[in-house]
Amino acid sequence: MINRELIRLKVVQICYAFHQNEGRDVDVAEKELMLSMSKSYEMYNLLLLLLTEVGRMAQRYYEMRVSRLTRLGMENNENPRFVNNLFLKQLEENLQLKAFADSSKYDWSNEYNLVKNLYLQVEQAPFFQSYMESPEQSYEADRDVCRQIYRTFICNNDQLDELFEGRSLYWNDDKAIVDTFVLKTINRFTAESTSEQALLPQFQDDTVQEFAVKLLRHTLNNAAYYDKLISDQARNWTLERIALMDRVIMQVALAEITTFSSIPLSVSINEYVELAKSYSTPKSGKYVNATLDHIAKALIESNKIVKDK
């Protein structure tokens, strides 16, 4: 699940904190990076569990309404379609997700009001009402409505973002990326999926974790060299006049450019320019782009970096 996009963000965050920390211990920084990545995977599992909790809330409301109709001696005309959602039943029975829930110290049942408000919003959504009224009953429709619920009400949810920020400092910037993994997971389920359906692993293979550690260590261990490259390009600007976040982003970018020959130069530069746009000053994207472009061209001309064809 952890990909290079998320790793780049986390390495920048760890390196930024490293420069502000007087202790400056590379081993500690690596441990922080590994913990941060494990927290991202924890968020991924929690967001999948949130979907099942929405299903449980639907079950509570359905039972309350049926009970009320029974007490009043009225015919039960409540629609059980969503409480019988086939995809949600798969998710509830998934062994990997159950194991995470059993071992996790977080429980969505402790966030009753948040889940209730989320479900009540879902009930009012036109796409949900169409789903409930549709004569079509299929696994694909059940899975699709869950995907729409996630995209509409769980992605870009300020209340949920605030909750995650309060729970862990490692989750401040992860959710937008983790959301894409949750949606990818939903798409991987089929009508034939059993309780043993595999969720996304934390790391696809050993090379992903190796990329993270190598990028972090090369950045921190060669920071002085990267600073000189930046300073030489800055000309009349001293390092102290460059925003620390811009400087750190360029250090990590240069570590990637000079260390990983298989990653195209344009990919590396574009990724860090986007980080600068999101996490630094309004002018940082253009500045980081121009600086990295000039440094990379100089390194290529002097044969100090060679990219795979």
* Asked: Are the side chain of S134 and the backbone of Y131 linked by a donor-acceptor contact shorter than 3.5 Å?
  -> no

* Could you state the interatomic distance from OH (Y44) to NZ (K175), rounded to the nearest 0.5 Å? -> 14.5 Å

* To do: Please examine the side chains of R188 and L200, heavy atoms only from C-beta on, and report whether any two atoms are closer than 4.5 Å.
  => yes

* To do: Report, as yes or no, whether the 6.0 Å neighbourhood of atom CZ on R65 holds more than 12 heavy atoms from other residues, nucleotides or ligands.
  => yes

* Tell me, with the steps shown, if I269 and S266 meet side-chain contact (heavy atoms from CB on, under 4.5 Å). => CA-CA 5 Å; I269 292 179; S266 60; 6.0 Å; no

* Any sub-3.5 Å donor-acceptor pair from S231's side-chain atoms to D227's backbone N or O? -> no

* **Side-chain ion pair, D27 and K31, N-O less than 4.0 Å** => no

* Return the minimal non-hydrogen interatomic distance between A296 and I305, and the atom names on each side. => O-CD1, 4.1 Å

* To do: Looking only at non-hydrogen atoms, find the nearest pair between L91 and L48 and report the distance.
  => CD2-O, 3.6 Å

* Asked: Does CD in Q20 sit with more than 12 non-hydrogen atoms of other residues, nucleotides or ligands closer than 6.0 Å?
  -> yes

* To do: Look at the side chain of S67 and the backbone N and O of M64, then say whether any donor-acceptor pair between them is shorter than 3.5 Å.
  => no

* Asked: If you count the non-hydrogen atoms of other residues, nucleotides and ligands that lie under 6.0 Å from CG in N156, is the total more than 12?
  -> no

* **Heavy-atom check, side chain of R151 versus side chain of L183, under 4.5 Å** => yes

* Asked: Does D142 use its side chain to pair, donor to acceptor, with the backbone of L86 at less than 3.5 Å?
  -> yes

* To do: Quick one: closest heavy-atom pair of M250 and I230, and the distance?
  => CB-CD1, 3.7 Å

* Asked: Does I242 offer a backbone N or O that forms a donor-acceptor pair with the side chain of D246 under 3.5 Å?
  -> no

* Asked: Which value, rounded to the nearest 0.5 Å, describes the distance between F128 atom CZ and F153 atom CZ?
  -> 9.5 Å

* Do D179 and Y150 have side chains that get closer than 4.5 Å, going by heavy atoms? -> yes

* To do: Check whether more than 12 heavy atoms from other residues, nucleotides or ligands sit under 6.0 Å from atom CD of Q121, and answer yes or no.
  => yes

* To do: Using the rule that two of Ile, Leu, Val, Met, Phe, Trp, Tyr join whenever any of their side-chain heavy atoms come within less than 4.5 Å, decide whether Y16 and L292 are in one cluster.
  => yes

* To do: Please answer whether the main-chain N or O of E140 pairs with a side-chain N or O of D144 as donor and acceptor at a distance below 3.5 Å.
  => no

* **Backbone N/O of L47 and side chain of W108: donor-acceptor pair under 3.5 Å** => no

* Could you tell me the separation between the OG atom of S40 and the CD1 atom of I177, rounded to the nearest 0.5 Å? => 8.0 Å

* State, with a plain yes or no, whether a side-chain heavy atom of R143 is found less than 4.5 Å away from one of N85. => no

* To do: Give the intermediate values and the outcome of side chain to side chain donor-acceptor pair (under 3.5 Å) for residues S284 and T281.
  => CA-CA 5 Å; S284 292; T281 69; 2.5 Å; yes

* Asked: Heavy-atom distance under 4.5 Å between the side chains of F18 and D25, does that happen here?
  -> no

* Taking it one step at a time, do T194 and E196 satisfy side chain to side chain donor-acceptor pair (under 3.5 Å)? -> CA-CA 5 Å; T194 68; E196 296 181 349; 4.8 Å; no

* Side-chain touch L114/L160, heavy atoms, less than 4.5 angstrom -> yes

* To do: Might you point out which heavy atoms bring L215 and I7 nearest each other, and give the distance in Å?
  => CD2-CG2, 4.5 Å

* **Nearest non-hydrogen partners of L299 and S302, listed with the distance** => O-OG, 3.2 Å

* Asked: Should V83 and L51 be regarded as members of a common hydrophobic cluster, given that ILVMFWY residues are connected when their side-chain heavy atoms come within less than 4.5 Å of each other, either directly or indirectly?
  -> no

* Structure fact -> Heavy-atom nearest pair, C15 first then L220, reads SG-CD2, 3.7 Å

* **R60 bridged to E53 by N-O distance under 4.0 Å** => yes

* Is there a path of hydrophobic side-chain contacts, each under 4.5 Å between heavy atoms of I, L, V, M, F, W or Y residues, that connects I257 with V267? -> yes

* When you check the gap from the basic side-chain N to the acidic O, do E271 and K277 get nearer than 4.0 Å? -> no

* To do: Carefully, step by step, assess E5 and L9 under the rule side-chain contact (heavy atoms from CB on, under 4.5 Å).
  => CA-CA 7 Å; E5 180 185 3; L9 170 59; over 6 Å; no

* Counting only N and O atoms by type, is there a donor-acceptor contact under 3.5 Å from the side chain of N289 to the main-chain atoms of G285? -> no

* Using 4.0 Å as the upper bound for N to carboxylate O, is an ion pair formed by D102 and K98? -> no

* Structure fact -> CG (L50) and CE (M43) are apart, to the nearest 0.5 Å, by 11.5 Å

* Is there a chain of hydrophobic side chains (I, L, V, M, F, W, Y, each step under 4.5 Å between heavy atoms) that links V12 to V28? -> no

* Any chance you could lay out the ring-ring contact (aromatic ring centres under 6.0 Å, His included) test for Y139 and F189, step after step, and finish with the verdict? => CA-CA 10 Å; Y139 174 84; F189 276 74; 8.2 Å; no

* Asked: Is there a side-chain contact (heavy atoms from CB on, under 4.5 Å) between Y61 and L120 once you walk through the steps?
  -> CA-CA 10 Å; Y61 269 83; L120 292 178; 3.8 Å; yes

* Before giving the answer on side chain to side chain donor-acceptor pair (under 3.5 Å), spell out for Q129 and E133 the whole-Å C-alpha distance, their side-chain angles and the decisive distance to 0.1 Å. => CA-CA 6 Å; Q129 293 174 2; E133 295 166 3; over 6 Å; no

* Got L118 and N157 here, is their nearest side-chain heavy-atom distance under 4.5 Å? -> yes

* Asked: With a cut-off of 6.0 Å (strictly less than), are more than 12 heavy atoms of other residues, nucleotides or ligands near CG of D206?
  -> no

* Indicate yes or no: at least one non-hydrogen side-chain atom of M1 is less than 4.5 angstrom from one of K184. => no

* Is the shortest side-chain N to carboxylate O distance from E111 to R167 below 4.0 Å? -> yes

* Would you call D174 and K39 a salt bridge, taking side-chain N to carboxylate O under 4.0 Å as the test? -> no

* Going through the distances and angles, do R8 and V252 end up as a side-chain contact (heavy atoms from CB on, under 4.5 Å)? -> CA-CA 8 Å; R8 290 181 178 107; V252 182; 5.8 Å; no

* To do: Establish, yes or no, whether the cationic atom of K214 lies under 6.0 Å from the six-membered ring centre of F260 and within 45° of the ring axis.
  => yes

* **side chain to side chain donor-acceptor pair (under 3.5 Å) between Q159 and N117, intermediate numbers included** => CA-CA 10 Å; Q159 187 179 5; N117 292 337; 4.5 Å; no

* Asked: Has E162 got more than 12 heavy atoms of other residues, nucleotides or ligands less than 6.0 Å from its CD?
  -> no

* **N45 side-chain N/O to Y41 backbone N/O, donor-acceptor pair under 3.5 Å** => yes

* Asked: How long is the gap from CG on N84 to OH on Y62, to the nearest 0.5 Å?
  -> 7.5 Å

* Asked: CD/E256 to CD/Q251 distance, rounded to the nearest 0.5 angstrom?
  -> 14.5 Å

* Do any N or O atoms from the side chain of Q90 and from the backbone of S193 form a donor-acceptor pair under 3.5 angstrom? -> yes

* **ILVMFWY cluster, F82 and F127 together (side-chain gap under 4.5 Å)** => yes

